[in-house]
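Scroll down for the structure; my scribbles are underneath it.
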Amino acid sequence: MSNPEIVEILELTAKLLELHDADPFKIKGYSIAAFYLDKYKDGELQYMTEQELTKLQGIGKSTAGKIVQIAKTGTFPELEELLSNTPLGVMEMFNIKGIGPKKIALLWRELGIDNLHELELACLNGSVSKLKGFGGSIQQKILESLAFLKDQAGKLRMDKAENVAGLIVNELKKNFEEVVVAGDIRRKAEIVDAIKILVKTESPALLQNILGGIAFLVQDEKISSPFIWRGNVQEVAVSIEVIAVKPERMVNELFLETATADHLGYPTTSGSTIWKNAVYEPVENEESIYVKSGLPYIVPEMREGAGEFEWAEKHGNDQLVTWDDLKGILHNHSTYSDGQHTLEQMALYCRELGFEYLGIADHSQTATYAQGLKVEDVIRQHEEIVRLNARFAAENPEKPFKILKGIESDILGDGSLDYPAEVLATFDYIVASVHSNLTMSQERATARLLKAIENPYTTILGHPTGRLLLSREGYPIDHKVIIDACAEHKVVVEINASPWRLDLDWRWISYCMEKDVLLSINPDAHSKEGYLDMHYGVAVARKGGLTKSMTFNALSLEEMEAYLGKKILR
């Protein structure tokens, strides 16, 4: 059991206790324990004794005993009793934004609602709005949240889908020489609707037999066929297809099962379609399909039918940004705010990965939930950066690694940045991001971002919509107005590479490039390992056609320092 998993179980216990109107002191005990353990970074809780746990802040003897049980079994008796007394449908209500355990308890007890379907009906007939403490606005928010949850059902984020596909591929490779992933995953879609896997084999029956022996797979026999296995992985709702492909047809099927219908239907120079050139005669490579069609080769990520051929008229595939093009890592957090590793640890690992600079951008003072930096913390961090940079320069005078002084400044409700101007001026660069008041109208949300973009200290607009994929919709903004303003004020737009965000959405990259707005692929790393999320950022950046020349952190250290020097003077 990892630390986050243990914290999640404690949080769930607190919610269920509140749902069942338990002793407030008991609820508070679990909540406090989860709060402090979420910030504990000095060891793994699963290996600690009860005595060691009681020495941690917020952990009493009773809670310590529960944590030991969780580490061993994944649960504990009190939680099991709470779960047994809570309908699954009521548990699902915890996913609805805007209502907590107390309101869920009211819905359950006063209206007898114990599933999402009945909750939707009660909202539609107005019953929910009549409950004390609800009203029309909360009823409408519940309906909107239910619609969002329904739309996201049976889907996975990119990272989760890749993990599931990897499990299946690893099992199949024990028996088959060539097993490849196609579809949404190969196109690097941020949300995966279906996992498609192709297996090269002369014997579809053998493939079906092997699949039947994989314990974690659940077949849907009604929609399967001798050549296509359909089903899912246990406890994972996303649909899975495993397709048996003859060896001579492998390239054709990989192409056909990767590209969207709009891409396959694109007209060729002869008046036909790409699909016709891919579906009939076997080919040796995908490039030959485009040659036969009289069209430029499009990389798998871009085969969406979303302007990729127009992009190819101005750009070449060799111009697309790659991981190796990135020279620095911007927008990262350390233990100064809510990160898991110290500034020194973050810097050393960044250097180990071969980058030239680390931009540290801890949370600003208003972000109290993330231990945002007070002014004295900023001074202390800057002093440490000076010391570390001096050490790095001494260790490698020819090519010193450098930490850049940044901050992720909260964009406040009125669009202003955190800290007074004299503090903002001490940073090398500023990532301006919204973390609060996420329910504004499009007009107000856009106006707030515009004011932040106009601020002379803003360097990068962080995760522009604040979305959390499959969890929270982004706040509504007028993308064109925002991007136009960034072009006018020379503000860089972030592609937040966290697989939870991938925000800016790749569909707006082409407009940024058209307006000469640079984009920065930032991991928003809260640990050293978080740097590797930039692989997801690079994937969606390429999907949107981002070139190296338009990528902010493809600038060398020397180029970055020159850019930031000019930025400060503008």
Side-chain angles (χ1 to χ4, degrees), residues 158 161-162 165-166 168-170 172-173 175-189 192 194-204 206-207 227-228 240-325 506 535 538-548:
M158 176 194 289
E162 286 184 348
I168 301 168
V169 169
N170 289 339
L172 291 174
K173 280 192 172 180
N175 296 278
F176 299 96
E177 182 182 344
E178 189 172 351
V179 182
V180 293
V181 179
D184 294 343
I185 295 177
R186 190 167 182 238
R187 285 202 319 281
K188 304 298 181 184
V192 172
I195 294 173
K196 292 192 176 187
I197 297 171
L198 309 187
V199 181
K200 185 169 74 173
T201 180
E202 294 279 11
S203 175
L206 173 63
L207 175 59
F227 302 97
I228 305 178
I240 296 168
E241 287 187 1
V242 183
I243 305 170
V245 183
K246 292 181 178 180
E248 68 273 16
R249 292 285 306 172
M250 197 65 181
V251 175
N252 297 66
E253 294 305 318
L254 178 60
F255 180 82
L256 291 166
E257 294 293 344
T258 294
T260 66
D262 287 338
H263 185 83
L264 294 173
Y266 193 83
T268 66
T269 52
S270 64
S272 183
T273 63
I274 301 174
W275 178 83
K276 287 186 178 179
N277 287 327
V279 76
Y280 295 118
E281 294 181 13
V283 296
E284 292 185 3
N285 53 60
E286 291 180 313
E287 286 84 350
S288 63
I289 296 171
Y290 290 98
V291 171
K292 285 170 63 177
S293 302
L295 294 167
Y297 175 76
I298 302 296
V299 297
E301 302 97 297
M302 296 182 72
R303 297 174 191 168
E304 287 282 348
E308 56 267 27
F309 289 104
E310 290 79 0
W311 177 92
E313 291 173 4
K314 302 174 184 177
H315 307 286
N317 293 323
D318 59 344
Q319 294 177 285
L320 286 168
V321 67
T322 67
W323 170 278
D324 291 336
D325 291 329
W506 63 267
H535 285 293
V538 169
V540 296
R542 289 170 60 86
K543 187 175 187 63
L546 181 62
T547 59
K548 174 186 176 182

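Within the 4.5 Å cutoff, the side chain of Leu256 has heavy atoms near those of the Trp275 side chain. When side chains are defined from C-beta on, Lys548 does not count as touching Thr322, because their heavy atoms never get closer than 4.5 Å. A 4.5 Å side-chain heavy-atom check between Leu207 and Leu172 finds at least one atom pair inside the cut-off. When side chains are defined from C-beta on, Glu253 does not count as touching Lys200, because their heavy atoms never get closer than 4.5 Å. Taking 4.5 Å as the limit, every side-chain heavy atom of Glu301 sits out of range of all side-chain heavy atoms of Leu320. Between Phe255 and Leu264, some side-chain heavy-atom pair lies under the 4.5 Å cut-off.
Applying the salt bridge (charged side-chain N to carboxylate O under 4.0 Å, His left out) test to pairs two or more places apart or on separate chains, those with a residue in residues 256-278 are Lys196-Glu257. Sorted by first then second residue, the salt bridge (charged side-chain N to carboxylate O under 4.0 Å, His left out) pairs that include residues 303-313, not counting sequence neighbours, are Arg187-Glu304, Glu286-Arg303, Glu304-Lys543.
The aromatic rings of His263 and Tyr290 stand perpendicular to each other, their planes meeting at an angle above 60°, with 30° marking the opposite boundary.
Taking the side chain to side chain contact (heavy atoms under 4.5 Å, CB included) definition, one finds that Glu287 meets it with Asn285, Tyr297, sequence neighbours left out.
To the nearest 0.5 Å, atom CZ of residue Phe176 and atom OG1 of residue Thr201 are 5.0 Å apart. Distance CZ/Arg249 to CD/Glu281: 10.0 Å, rounded to 0.5 Å. Note that the NE2 atom of His315 and the CG atom of Leu546 stand 10.0 Å from one another [nearest 0.5 Å]. Distance check: Ile240 CD1 to Ile195 CD1 gives 4.5 Å after rounding to the nearest 0.5 Å.
For the pair Asn252 (side chain) and Val283 (backbone), a donor-acceptor distance under 3.5 Å is present.
Looking only at atom types and distance, the side chain of Ser270 has no donor-acceptor partner in the side chain of Ser272 under 3.5 Å away.
In terms of heavy-atom proximity, Gly305 sits nearest to Thr260 at N-OG1, 3.8 Å. In plain terms, the two heavy atoms of Gly545 and Met302 that are nearest each other are CA-CE, 3.9 Å. In terms of heavy atoms, Val181 sits closest to Ala165 at CG2-CB, 4.2 Å. Of all heavy-atom pairs between Thr273 and Thr268, the closest is C-CG2, 3.4 Å. The nearest pair of heavy atoms linking Glu284 to Val251 is O-CG2, 3.4 Å. Across every non-hydrogen atom of Ala312 and Ile298, the tightest pair is CB-CD1, 4.1 Å.
Glu248 CD: more than 12 foreign heavy atoms inside a 6.0 Å radius.
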